[in-house]
There are 2 protein chains.
Amino acid sequence: MSLERDTPPNRPEQRDYETGLADSAHLDLRVWLRLLTCTTLIERQIKRGLRGDFETTLPRFDALAQLDRAGGTMTMRELSSHMMVTNGNITAIVDRLLEDGFVVRRADPKDRRVHKVQLTDAGREFLATMIPVHNAWVSEAMAQVDEQDLAHLYKLLGQLKNSALQRDEERDRESGR
Amino acid sequence: MSLERDTPPNRPEQRDYETGLADSAHLDLRVWLRLLTCTTLIERQIKRGLRGDFETTLPRFDALAQLDRAGGTMTMRELSSHMMVTNGNITAIVDRLLEDGFVVRRADPKDRRVHKVQLTDAGREFLATMIPVHNAWVSEAMAQVDEQDLAHLYKLLGQLKNSALQRDEERDRESGR
DNA sequence: TTTGAATAGTTCAAGCTTAAAATATTAACG
DNA sequence: CGTTAATATTTTAAGCTTGAACTATTCAAA
């Protein structure tokens, strides 16, 4: 009894995708909705944090992080592939990072179709200030899950990722060719 | 050796948020990026499917599904809470469902601030045709993960969800009050 | 009852996302 | 060589999302 959490007066309780799901719903669907709920909750925190503390967005942060992980330079295509977004998307994000002075862009002399994006010192510094704060947000979101369970979760998500990836590639093979 | 998958000629390999992550990265961050990868992969499939097969979007599908689960009628606020999006968002989504004839909206006579959204027969039928196809997409994405692992994943995601939710509510308590 | 606070919903600007069409460049091959 | 196919990127229209400002309505308290 005493463990029941009171809903604050006149503030509607936080719901999620699972709420009200029929008892007959299959495990697949339950897992999917719970996965979506977890991602949405954590992503929302991060987006709010990035906006509030750094006046930036998750896609911009992600672009900087991917560039850094890749050693500082990537083509537009590599960037879109690592960020899991379509090609057309990257243009606007990189444009904005250019304005901010966090990256530079130049055509590859060897293949003038290719445009390379490179992290500047300012970009690297900006990223370096954000990374620890960002990682702390992630850790806080997972604070109530103990290390061993996290490790197990990591492993299971690896299986799920491979399963979903395989499905993705099948679709590609059918249509794209 | 023979198990190595060839990348199709001239088509860049599919990457994800994890690629290139430093070995020193903490488990928290690894879990988060893998979680995000899984969600993105599955969500992308569903969005493409809904567009291709039903000329609709995930938010619209989700709104219909939430209405159905709730018995057919919800207030705008309830809908936004279950869909985990902000209030202002719902207006446009419901507007579109109204156009399509899948819902009706009327003011509550008891409290004229409240607007109730109700599923129409057409909406219920449309949803009924989508549900099995949608669920099949989800199942396909998870096809390579066996039942027991899925059950375990479900449990672990439950812990993560509670952990992230608690964090969310703390933030609310600090600012909102 | 009047007045101020809370609540439900809408509108708006800014930003992200996608698919499709368009442009530019390079590769492939007869 | 010249034509065709493939690739890298940009542009555009349509749609989703957020936070903030705004309207309308109800509640609460002096």
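Sequence lines set the chain letters: A, B, ... in the order given, protein chains first and strands last, and positions in each chain run from 1.
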Set of residues satisfying side chain to side chain donor-acceptor pair (under 3.5 Å) with respect to [X], sequence neighbours excluded:
X: B:Asp53; answer: none
X: A:Arg51; answer: none
X: A:Thr86; answer: none
X: B:Gln159; answer: none

Review point. Which part of the nucleic acid, if any, lies within reach of A:Ile93 when heavy atoms closer than 4.0 Å are counted: base, sugar-phosphate only, or nothing?
Key: sugar-phosphate

Just the rounded figure in Å: distance from [atom2] of [N] to [atom1] of [X].
X: B:Phe61; N: D:dG15; atom1: CZ; atom2: C1'; result: 18 Å
X: B:Arg44; N: D:dG15; atom1: CZ; atom2: P; result: 22 Å
X: A:Asp62; N: C:dG15; atom1: CG; atom2: P; result: 18 Å
X: A:Phe54; N: C:dG15; atom1: CZ; atom2: C1'; result: 20 Å
X: B:Glu43; N: C:dT17; atom1: CD; atom2: P; result: 11 Å
X: B:Leu50; N: D:dG15; atom1: CG; atom2: C1'; result: 14 Å
X: A:Arg60; N: C:dT17; atom1: CZ; atom2: P; result: 11 Å
X: B:Ile46; N: C:dT17; atom1: CD1; atom2: C1'; result: 17 Å

Exercise for review: By nearest nucleotide on DNA chain D, pick out whichever of B:Met83 and A:Thr91 is the more 5' one.
Suggested key: A:Thr91

Check your understanding: More 5' along DNA chain D: B:Asn87 or B:Arg96, using each one's nearest nucleotide?
Key -> B:Arg96

Are any of the side-chain heavy atoms of [X] and [Y] separated by less than 4.5 Å?
X: A:Gln66; Y: A:Asp62; result: yes
X: B:Lys47; Y: B:Phe61; result: no
X: B:Phe54; Y: B:Val133; result: yes

Set of ring pair (Phe, Tyr, Trp, His ring centres under 6.0 Å) partners for [X], sequence neighbours left out:
X: A:His115; value: none
X: B:Tyr17; value: none
X: B:Tyr154; value: none

Are any protein N/O atoms closer than 3.5 Å to N/O atoms in nucleotides 19-24 of chain D? If there are, list each pair with its distance.
{"residue": "D:dG19", "atom": "OP1", "partner": "A:Arg48", "partner atom": "NE", "Å": "3.2"}

Revision key, fill the gap. Axis-to-axis angle across the helix from C:dT1-D:dA30 to C:dG30-D:dC1, five pairs each end, nearest 10 degrees, ~ 10°

**Study point:** Ion pair check, B:Arg112 and B:Asp108, cut-off under 4.0 Å
**Key:** no

Point to revise | Residues B:Arg105 and B:Asp95 bridged, charged N to O under 4.0 Å | key: yes

Practice item. Choose from D:dT9, D:dG15, C:dT17 the nucleotide whose nearest atom is closest to any side-chain atom of A:Met76. Key: D:dT9

Exercise for review: With the side chain of A:Asp111 defined as its heavy atoms from C-beta on, choose the nearest nucleotide among C:dT25, C:dG9, C:dT17.
Suggested key: C:dT25

Study note, to complete from the structure: In numerical order, the residues of residues 98-110 of chain A whose heavy atoms come under 4.0 Å of DNA chain D are A:Arg105

Check your understanding: Closer than 4.0 Å, any side-chain N/O of A:Thr75 to the OP1 or OP2 of D:dA8?
Key -> no

Check your understanding: Do side-chain atoms of A:Ser81 reach the backbone of A:Arg77 as a donor and acceptor pair under 3.5 angstrom?
Key -> no

Exercise for review: List for me each residue that meets salt bridge (charged side-chain N to carboxylate O under 4.0 Å, His left out) alongside B:Glu78, sequence neighbours excluded, and say none if there are none.
Suggested key: none

Revision key, fill the gap. In terms of heavy-atom contacts, B:Gln144 and A:Ser163 come closest through N-OG, 3.0 Å

Check your understanding: Which residue lies toward the 5' end of DNA chain C, B:Asp95 or A:Pro59, if each is placed at its nearest nucleotide?
Key -> B:Asp95

Study note, to complete from the structure: Residues in residues 124-131 of chain A with a heavy atom under 4.0 Å of DNA chain C, by number, are none

